[in-house]
Protein chains: 2
Amino acid sequence: MDIKSAVTQLSSIAQEARLEIFRLLVQAGVEGLPAGSIGEKLNIPPSTLSFHLKELSHAGLIDSRQVSRFIYYTANYAAMNGLLAYLTENCCAGVNECCPDITICNQEKGNEP
Amino acid sequence: MDIKSAVTQLSSIAQEARLEIFRLLVQAGVEGLPAGSIGEKLNIPPSTLSFHLKELSHAGLIDSRQVSRFIYYTANYAAMNGLLAYLTENCCAGVNECCPDITICNQEKGNEP
DNA sequence: GCATTATTTCCATAATTATGGAAATATAGA
DNA sequence: TCTATATTTCCATAATTATGGAAATAATGC
């Protein structure tokens, strides 16, 4: 992880609408949600939603896949992990127990029904 | 944690200079660093540094204390924890093991010499 | 091909944020 | 009080980012 990617990822969630979208997707799990549902749940007009989804997507914090006419968006848990790890890297100079290892939202253990 | 605070905190580190400052302080541990040292290490002019430190401070991600003529800045590990927890809250709907508990950088276990 | 639905692009406008020089303020020691 | 050092405030300029309507594009079923 380099600092520019980290800034891009942080910027992408440093905005209320996008943070709501991201958290919604984090909570939605590996199946994700189609764009339309996201806009409906969060009451965001299509053009604005599209703009924000693109920002999150470019940052790499969410992925998308097409299913018929719907585009499903999902949180990229690995990217989230990477970002959190970067923030806490070498915490307290790694000298002691101040900062335990982190392992958060490992997508390998997803909850696909 | 409410979404506005989270956005404020994320915005505060969604900027290269500030992310460098924050990470430097996270790594510096509980003693922290005086403003001057930060500016020197990261090559940031005083006025710019002051602006960025204020942003981080207002967001609550760093604290400061005066020691003689120096102002020491420190990472607020509790705030960092809170932010990371907010991002991963109810991950995958909390249905399974997708997202283990997180405990990162607990300042109670600091490494004061 | 046509109608329908889903999503994105384009665009102008508005709002926010970053930069750093110069001056001001604060602290401490002689 | 005078001087030196540390940090912040002020300010103008520049750059980036957000918003949403309207139009365009894409995908599906009939």
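Scope of the values below: all heavy atoms of this structure, side chains included, with no hydrogens, waters or symmetry mates. Below, read A as the first sequence line, B as the second, and so on, with proteins coming before strands; counting in each chain starts at 1.
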Subject >> Start and end of chain A contact along DNA chain D [non-hydrogen atoms, under 4.0 Å] >> reply: D/dA18 to D/dT28
Original post:
To the nearest Å, how far apart are A/R69 CZ and C/dA6 C1'?
Top reply: 7 Å
Original post:
Where each residue is assigned the nucleotide of DNA chain D containing its nearest heavy atom, which of B/F51 and A/T48 is assigned the position nearer the 5′ end?
Top reply: B/F51
Original post:
Which ILVMFWY residues are connected to B/F51, directly or by a chain of links, through side-chain heavy atoms under 4.5 Å apart?
Top reply: none
**OP:** State which residues pass side-chain contact (heavy atoms from CB on, under 4.5 Å) with A/A14; sequence neighbours excluded, sorted by chain then number.
**Re:** B/L10, B/S11, B/A14
Original post:
How large an angle, rounded to 10°, do the end axes of the helix from C/dG1-D/dC30 to C/dA30-D/dT1 enclose when each is built from five base pairs?
Top reply: 30°
**OP:** Looking at every strand, decide which applies to B/S50 at a 4.0 Å heavy-atom threshold: base, sugar-phosphate, or nothing.
**Re:** base
Original post:
Considering residues at least two apart in sequence or located in another chain, which fulfil the side chain to side chain donor-acceptor pair (under 3.5 Å) criterion with A/D2?
Top reply: A/S5
Original post:
Hey, does A/P45 reach any base, or is it just sugar-phosphate, or nothing, if we go heavy atoms under 4.0 Å?
Top reply: sugar-phosphate
**OP:** Name all residues meeting the side chain to side chain donor-acceptor pair (under 3.5 Å) criterion together with A/E40; count only those two or more places apart in sequence or in a different chain, and write none if there are none.
**Re:** none
Original post:
For DNA chain D, which residues in residues 10-22 of chain A have a heavy atom at a distance below 4.0 Å?
Top reply: A/Q15, A/R18
Contacts under 3.5 angstrom, residues 65-74 of chain B side chains, donor-acceptor by atom type, not counting sequence neighbours:
residue, atom, partner, partner atom, Å
B/R65, NH1, B/E31, O, 3.0
B/R65, NH2, B/E31, O, 3.3
B/Q66, NE2, B/S68, O, 3.1

Subject >> Contact nearer the 5' end of DNA chain D, comparing B/K54 with A/V67 >> reply: B/K54
Original post:
What pairs meet the side-chain hydrogen bond (donor to acceptor under 3.5 Å, both in side chains) rule with one or both residues in residues 44-53 of chain A, with sequence neighbours excluded?
Top reply: A/R18-A/H52
**OP:** Select base, sugar-phosphate, or nothing to describe what A/Y73 touches, counting heavy atoms under 4.0 Å on all strands.
**Re:** sugar-phosphate
**OP:** Could you tell me whether the side chain of B/R23 and the main chain of A/Y86 form a donor-acceptor pair under 3.5 Å?
**Re:** yes
Subject >> Test item: B/M80 and B/V26 side chains (from C-beta on) under 4.5 Å apart, heavy atoms >> reply: yes
Original post:
A/I71 has an atom CD1; how far is it from atom C1' of C/dA6, in whole Å?
Top reply: 8 Å
Original post:
Does A/E89 have any side chain to side chain donor-acceptor pair (under 3.5 Å) partners at least two apart in sequence or in another chain, and if so, which?
Top reply: none
Subject >> Where at least one partner belongs to residues 71-86 of chain A, residue pairs that pass salt bridge (Lys or Arg N to Asp or Glu O under 4.0 Å), sequence neighbours excluded >> reply: none
Subject >> Summary of salt bridge (Lys or Arg N to Asp or Glu O under 4.0 Å) pairs that have at least one residue in residues 52-62 of chain B, sequence neighbours excluded >> reply: none
